[in-house]
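Any value given below was found using the heavy atoms of this structure, including those in side chains, with hydrogens, waters and symmetry copies removed. Numbered from 1 within each chain, the chains take letters A, B, ... in sequence-line order.
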Amino acid sequence: MKLLYFAWVRTNIGKAEEEVVAPDHVQTVEDLLDWLATLGPQYAAALDRRNVVKVAINHEYVEHDHPVRPDDEIALFPPVTGG
Amino acid sequence: MKLLYFAWVRTNIGKAEEEVVAPDHVQTVEDLLDWLATLGPQYAAALDRRNVVKVAINHEYVEHDHPVRPDDEIALFPPVTGG
Amino acid sequence: MIKVQREDFDIGAELAQLTDGNAKVGGLASFVGLVRDLADQGAVSAMTLEHYPGMTERRLAEIEAEARSRWPLEDVLIIHRYGRLEPGDRIVLVATTSAHRQAALESCAFLIDWLKTKAPFWKLEEGTKGAAWVEAKESDDRAAEKWKR
Amino acid sequence: MIKVQREDFDIGAELAQLTDGNAKVGGLASFVGLVRDLADQGAVSAMTLEHYPGMTERRLAEIEAEARSRWPLEDVLIIHRYGRLEPGDRIVLVATTSAHRQAALESCAFLIDWLKTKAPFWKLEEGTKGAAWVEAKESDDRAAEKWKR
């Protein structure tokens with residue numbers, strides 16, 4: 001799956017995007033965040049305020065219990081502050 | 001007193017303004033409207049929908065029970081429709 | 001600022017004056033009213049706006065002052081035209097600036113709602129069946145009513 | 001119409017396009033958001049707006065469609081900039097036209113309220129103490145909430 005990071009999720013993780021192959025047990029957004037948080041301290045820091053992290057799959061907002069699939073484009077970011 | 005007429009009050013009465021000397025018993029706006037309505041059919045027609053006629057004395061909106069004085073500028077007009 | 005004028009106005013230039021050089025402004029809200037073409041309803045081919053010079057400026061200044069007393073505004077602009085206007089012509093511009101968007105948006109809506117029921121303007125519509133004075137709308141009264149305190 | 005762009009926009013020219021040649025328009029409501037100068041609070045000397053290309057356009061188009069489904073609108077315009085902006089710079093323009101003023105005013109307020117909580121933009125403020133991501137405001141959530149159905 002393709003992961004995109006924005007704002008402080010991006011600056012904490014230190015990259016804007018990456019391709020990952022998640023383990024089989026990663027079935028939902030929640031699973032994905034749990035797994036990402038184990039990849040290193042910068043990921044753990046970025047995902048520390050877990051409930052605040054917003055998720056979009058293929059440009060649509062989803063909740064944390066939404067399923068994820070290998071060909072998804074999944075974006076993680078803070079609450080938006082435009083306008 | 002100086003009377004000003006606008007919109008259909010003006011077109012009914014047939015003039016935009018006039019100086020009048022009202023009889024002594026004309027003490028309020030109501031009295032003034034009663035007296036004007038006796039001045040001719042065009043006045044009667046203009047003041048037929050009496051409750052609809054708005055009144056401003058010296059540029060301030062007033063109710064029909066407001067007193068009138070000889071040196072007032074009194075404007076009679078329909079509800080406003082600008083904007 | 002209040003302007004009562006026969007001439008058209010340039011929306012871009014007028015709004016620019018409200019924001020240029022004032023970096024305390026976070027939001028600019030504006031409303032422009034235009035003459036609609038209701039020819040298919042046998043109505044407006046043109047209209048003439050009459051007003052009460054002197055009283056108009058006083059009532060508009062009062063409406064501006066009321067808006068400034070209710071919201072923290074950086075600036076207020078009201079331009080209202082009079083005379084003969086044709087479909088597509090601009091009639092009125094109200095605009096407000098504030099540090100905060102809700103103050104700008106709410107005060108802009110307030111200004112046009114109050115102006116509609118308080119500023120001494122009257123519209124004479126020229127239709128296919130002759131000229132007729134526009135009747136005041138109850139919906140305008142209700143719109144103004146909601147800002148009553 | 002949706003425009004997501006780095007360049008500034010000309011308010012007058014953009015608004016003129018919404019009304020010129022469409023005499024069904026009786027009201028044009030608009031809101032412009034600008035970068036405030038909060039230097040006295042040790043805050044913004046400039047900011048950088050990041051967004052999610054692709055998703056931004058889709059979410060803004062969805063917000064436009066929602067506004068058109070709720071109000072009888074002639075036209076809708078949303079312009080949002082990204083990149084580095086300085087105090088006084090324009091960030092966003094939303095504008096709506098309708099035969100009726102309440103539809104224009106309400107839909108304009110709706111657009112900016114929804115955009116604030118739904119369009120994927122993020123502000124990085126450069127202040128005297130370094131750069132910091134702007135925190136989302138509860139007041140913006142409440143503003144969006146009032147349009148929920």
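Ionic pairing of C:Lys118 and C:Asp113 is not present here: no N-O contact between side-chain nitrogen and carboxylate oxygen is shorter than 4.0 angstrom. Between B:Asp72 and B:Lys2 no salt bridge is recorded (no basic side-chain N to carboxylate O distance below 4.0 Å). Ion pairing between a basic and an acidic side chain is recognised when a charged N comes within 4.0 Å of a carboxylate O; C:Glu64 and C:Arg68 show such pairing.
Aromatic ring centroids of C:Phe110 and C:Trp71 lie under 6.0 Å apart.
Here ring-ring contact (aromatic ring centres under 6.0 Å, His included) pairs that include residues 72-94 of chain C, with residues two or more places apart or in two chains, are C:His51-C:Tyr82, C:His80-C:Phe121.
At a heavy-atom separation below 4.5 angstrom, chain C is approached by B:Arg49, B:Ala56, B:Asn58, B:His59, B:Glu60, B:Tyr61 within residues 33-65 of chain B.
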Practice item. Check the pair B:Val68, B:Val26 against side-chain contact (heavy atoms from CB on, under 4.5 Å), reporting the backbone distance first and the verdict last. Key: CA-CA 8 Å; B:Val68 296; B:Val26 170; 4.0 Å; yes
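For C:Ile91, the part lying under 4.5 angstrom from a heavy atom of chain B is the side chain only. Within the 4.5 angstrom heavy-atom criterion, only side-chain atoms of C:Arg59, from C-beta onward, approach chain B.
To the nearest 0.5 angstrom, C:Glu145 atom CD is 12.5 Å from C:Asp140 atom CG.
Per-residue counts of heavy-atom pairs under 4.5 Å with chain C were compared for B:Ala75, B:Gly82, B:Pro79, B:Pro78; the largest is that of B:Gly82.
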